[in-house]
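This report refers to the structure that appears directly beneath it.
Keep in mind that the numbers below use all heavy atoms, side chains included, and drop hydrogens, waters and symmetry copies.
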Amino acid sequence: MMNTAGSNTMMSSASASGNNAQSPGLKTYFKTPEGKYKLQYEKTHPSGLLHYGHGKTVTQVTLAHLKDKPVQTQSQSSSSLGVNSGVRSAAARFLGGGNGSRALSFVGGNGGSKSVTGASSRIGSLGASSSNNVVGSSNFDGKGTYLVFNVGDAIFISDLNSQDKDPIKSIHFGNSNPVCHAFDPDAKDGHDLLIGLNTGDVYSVALRQQLQEVGKKLVGAQHYNKDGSINTSRCTCITWVPNGDGTFIVGHADGNMYVYEKSKDGSGDPSFPVIKDQTQFSVAHARYSKNPVARWHICQGSINSVAFSTDGVFMATVGRDGYLRVFDYKNEQLICGGKSYYGALLCCAWSMDGKYILTGGEDDLVQVWSMEDRKVVAWGEGHNSWVSGVAFDSYWSAPNSDGTGENVVYRFGSVGQDTRLLLWDLEMGELVVPVRRPSGGSPTFSTGSQSSHWDSACPVGTLRPAPSMRDVPKLSPLVAHRIHTEPLSGLIFTQESILTVSREGHIKIWMRPGFAESQSSNSDPLLSTSLKEKPSISGKVIGSSCKQ
C-alpha cells in the first residue's frame with residue numbers, strides 16, 4: 001500500500017518542472033532569499049521487490065564517496081559505482097559537496113553509459129529489472145558518489161550521479177532488517193561500510209566489493225555481535241569515530257552503546273559487569289582484547305541517534321528518555337545535556353565549528369544547544385508533528401559574510417513526520433532573550449530580569465531539566481513546505497543540493513539556485529575542486545527508528 005502511494009509521487013526528471021500529477025500542495029520548488037531550489041530528480045527502491053514488512057523499519061540514507069579507482073577485475077561489469085576524491089563518511093554533507101549535486105553528469109552516471117555484454121544476467125542480482133540501462137554501465141571512470149539506504153529486509157545502493165530512479169544494487173538479509181548504516185571513505189583496509197540490523201547483528205564490509213559482486217548477499221563481511229552474543233536488542237544507530245582508525249560505535253534499543261575496533265576479532269564474547277542502575281551513565285571496558293572493547297550505558301530506553309563533532313572530541317546522543325547528552329569521548333566524561341520540552345528526542349546534528357547542536361523529537365520543536373553556554377539557546381517552532389531529521393547547511397554562507405571564517409549566521413534544516421521541510425536562519429546576535437515577568441504583571445510589562453534559564457550557568461556533567469516555554473527565544477522558519485506524501489526521516493545538505501528522505505524509501509534531490517541551470521554540464525572538475533574547499537563532515541541521514 002505504501003509503495004503504491006509512493007510510486008504516485010515519483011516522477012522523472014523531465015516531469016519535475018511541470019508536475020501536474022503530483023498530489024495537491026506538494027512542492028516541486030521553494031524560494032529562499034538566495035534563489036529557487038528545484039526538485040531535480042528522485043531515487044527509490046524497485047517497486048516490485050518490497051518486503052511485506054518494510055513498514056516496520058525507517059529508511060536512513062548514507063552518502064558514500066569512494067576515493068580511489070579500484071583495480072580492474074573481471075567482475076568490473078558489476079560496478080556502476082564510482083569513486084571520487086572525497087570526504088569523510090561524514091561525507092554526507094560533504095558528500096554533498098561533490099555529492100548530491102553530481103546531478104550534473106546524468107548521462108553516464110558514475111560508470112558511463114556504455115552497455116555491457118551479459119548485463120541481463122546481472123539484473124537479478126541488482127534486484128531491479130528496470131535498471132538494466134544502469135546496470136549495463138561499464139565505462140567506469142573511478143569517480144562517483146553513492147546513496148546507501150535501507151528498506152525492509154534490504155540495503156539498496158543508487159548512483160547519485162545518475163537520474164535513474166532505481167538502485168544499481170540490492171543486498172538482502174532474509175529474516176532480519178537493516179536499520180542503520182555508516183560509511184568511512186578513509187578506511188584503510190577497505191572495510192568502509194557498517195550495517196546494523198534489527199536483530200542486533202552488525203556487519204562491516206567494503207562497499208566497492210559489494211558493487212563489484214553480482215549476488216544479493218554481503219561478501220567479505222566481518223560479523224559482530226553475531227546472533228546477539230553481546231546484546232540482543234535492536235541496533236538503533238551506528239557511526240564511525242572521526243580519526244578513530246577503524247573504531248566505530250553501535251547504539252542499541254536498551255540504552256547501551258558498544259565500541260568496536262575493526263582490527264580486532266569480531267566474534268569475541270567479553271563479559272561486562274551487570275548494570276546496577278539503569279538510570280546512571282557508566283562505562284565498562286572488556287577484560288580481553290576482543291570486540292566490543294567497551295560498553296557505554298547511556299540511558300534507560302533506546303539511544304535514537306549518535307553524532308560526533310567534526311574533530312571527534314565530543315559525542316552527542318539523544319534517546320527515548322528525552323535527553324541530549326554531550327560527552328568528552330576520549331575521557332569518557334559527561335559534559336552537559338538536558339531534556340526536551342516533551343517526549344523523546346529522535347535526531348541530533350553538530351554545526352561544523354562545534355559550537356551548536358541541533359536536536360529534534362516528539363515535542364515538534366527544533367532545539368538549538370550551545371556548547372559554550374551548555375544549554376538551549378533557541379527553539380524552532382514550525383513543525384506540526386515529530387521532528388525526525390536535522391542538519392546544518394555547511395555550504396551556505398550569509399550574503400554579508402565578512403570572510404573571516406566566523407559564523408555570524410547559521411543555516412540549518414529540519415524534516416518531520418508532517419511531510420515538511422523547514423529551513424531556518426540562526427543569527428545569534430538577533431535572538432530576543434525573554435524577560436522574566438513578575439507574576440500577575442501586564443503582558444506588556446517589559447522590565448524585570450531576563451530568563452533564569454538564559455542567565456544561569458551549569459556545572460560540567462549536569463543534565464538540565466526542560467526549560468519553561470517562556471524562557472527560550474523562539475525562531476520562525478525561513479521556508480516551510482510540504483514536499484513528500486509520506487513522513488520524512490532525514491535530510492542531507494550537499495554543495496549543490498539538498499536531499500530529503502521519506503521513511504518509506506523515497507529520496508528527492510533539490511538543486512540549489514544556480515546549479516539546476518547548469519545541469520547539462522559535466523561537473524566532475526567542480527566536484528573535485530569543491531571537495532577540497534571544505535573539511536569533511538558527517539555524511540549520514542539519520543532517521544529515527546522509534547517513530548512507529
Side-chain angles (χ1 to χ4, degrees), residues 6 9-19 22-23 25-44 59 61 63 92-106 145 147 149 158-165 349 382-383 388-396 411-416 418-425 477-503 505-520 523 526-527 530 539-541 543:
T9 69
M10 302 310 291
M11 70 186 76
S12 67
S13 60
S15 64
S17 58
N19 172 29
Q22 285 286 79
S23 298
L26 209 58
K27 284 285 185 177
T28 57
Y29 69 89
F30 50 87
K31 294 180 179 179
T32 64
E34 63 268 21
K36 183 184 292 186
Y37 288 72
K38 298 179 182 179
L39 176 59
Q40 199 67 28
Y41 59 108
E42 304 181 20
K43 299 286 186 181
T44 188
T59 295
V61 172
L63 274 169
R93 274 183 338 221
F94 207 165
L95 248 13
N99 286 358
S101 2
R102 212 50 299 117
L104 298 61
S105 38
F106 298 133
T145 301
L147 288 175
F149 61 102
S158 284
D159 179 353
L160 187 57
N161 297 346
S162 166
Q163 284 195 340
D164 192 90
K165 289 181 188 176
H383 280 288
S388 49
V390 290
F392 278 96
D393 185 352
S394 61
Y395 296 96
W396 180 88
R411 168 69 59 80
F412 62 89
S414 60
V415 294
D418 55 5
T419 72
R420 300 202 303 166
L421 166 68
L422 275 59
L423 296 181
W424 315 74
D425 280 352
L478 178 73
V479 167
H481 288 306
R482 178 173 177 262
I483 57 170
H484 285 246
T485 59
E486 304 157 348
L488 298 178
S489 59
L491 79 163
I492 300 175
F493 289 99
T494 76
Q495 178 146 348
E496 300 165 9
S497 63
I498 301 176
L499 278 64
T500 56
V501 187
S502 83
R503 59 182 294 158
H506 300 121
I507 305 160
K508 293 187 177 183
I509 292 86
W510 306 82
M511 299 306 294
R512 293 183 187 268
F515 284 99
E517 288 73 12
S518 61
Q519 63 177 349
S520 60
S523 57
L526 173 61
L527 171 59
S530 64
K540 197 166 72 162
V541 173

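In this structure the side chain of Ile507 never reaches within 4.5 angstrom of the side chain of Thr500, judged on heavy atoms. In this structure, the side chains of Asp418 and Pro487 stay at 4.5 Å or more apart for every pair of heavy atoms. In this structure the side chain of Thr32 reaches within 4.5 angstrom of the side chain of Leu423, judged on heavy atoms. The shortest side-chain heavy-atom distance between Thr419 and Thr485 does not fall under the 4.5 Å cut-off. Residues His484 and Arg503 form no side-chain contact, since every pair of their non-hydrogen atoms from C-beta on lies 4.5 Å or further apart.
Atom OG1 of Thr145 and atom CG of Leu160 lie 6.0 Å apart (nearest 0.5 Å). Taking CG from Leu63 and CD1 from Ile492, the interatomic distance works out to 4.0 Å, rounded to the nearest 0.5 Å. Distance CH2/Trp510 to CG/Leu39: 4.5 Å, rounded to 0.5 Å.
Nearest approach of Ala391 to Phe493, heavy atoms of both residues: O-CE1, 3.3 Å. The two atoms that bring Thr44 and Gly505 nearest to each other are OG1-O, 3.3 Å, heavy atoms only. For the pair Pro513 and Glu34, the tightest heavy-atom approach, listed with the atom from each and the gap, is CB-O, 3.7 Å. Across all their heavy atoms, Ser414 and Val390 have their closest contact at CB-CG1, 4.0 Å. Taking both residues in full, the closest heavy atoms of Val415 and Ser489 are given as CG2-C, 4.3 Å, listed atom of the first, atom of the second, then distance.
A donor-acceptor contact shorter than 3.5 Å links the side chain of Ser388 to the backbone of Leu488. Formation of a donor-acceptor pair under 3.5 Å by the Arg420 side chain with backbone atoms of Gly382 is found in this model. Using a distance-only test at 3.5 Å, with no hydrogens or angles considered, no donor-acceptor pair links the side chain of Lys508 to the main chain of Tyr41. The main-chain N or O of Ile509 is never found under 3.5 Å from a side-chain atom of Ser497 such that the two would form a donor-acceptor pair. Of the possible polar contacts, one joining the Ser162 side chain to the Asp164 backbone as a donor-acceptor pair under 3.5 Å is found.
Between Arg512 and Asp393 a salt bridge is recorded (basic side-chain N to carboxylate O distance below 4.0 Å).
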### Task
Please report the C-alpha distance between Lys165 and Lys43 in whole Å, then the side-chain angles of each, then the deciding distance to 0.1 Å, and finally whether the side-chain contact (heavy atoms from CB on, under 4.5 Å) criterion is met.
CA-CA 4 Å; Lys165 289 181 188 176; Lys43 299 286 186 181; 5.8 Å; no

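Judged by the 6.0 Å and 45° rule, Lys27 forms a cation-pi pair with Tyr29.
Tested against Leu491 for a side chain to side chain contact (heavy atoms under 4.5 Å, CB included), the candidates Leu422, Leu421, Leu499 yield a single pass: Leu421.
Ring orientation note: the planes of Phe30 and Tyr37 are close to parallel, at an angle under 30° on the 30°/60° scale.
For Phe412, the ring-ring contact (aromatic ring centres under 6.0 Å, His included) criterion is met by Phe392, Trp424, not counting sequence neighbours. By the side-chain hydrogen bond (donor to acceptor under 3.5 Å, both in side chains) test, His481 is found to be paired with no residue, residues two or more places apart in sequence or in another chain being considered.
Counted by atom type alone, Glu42 and His506 present zero donor-acceptor pairs between their side chains at under 3.5 Å.
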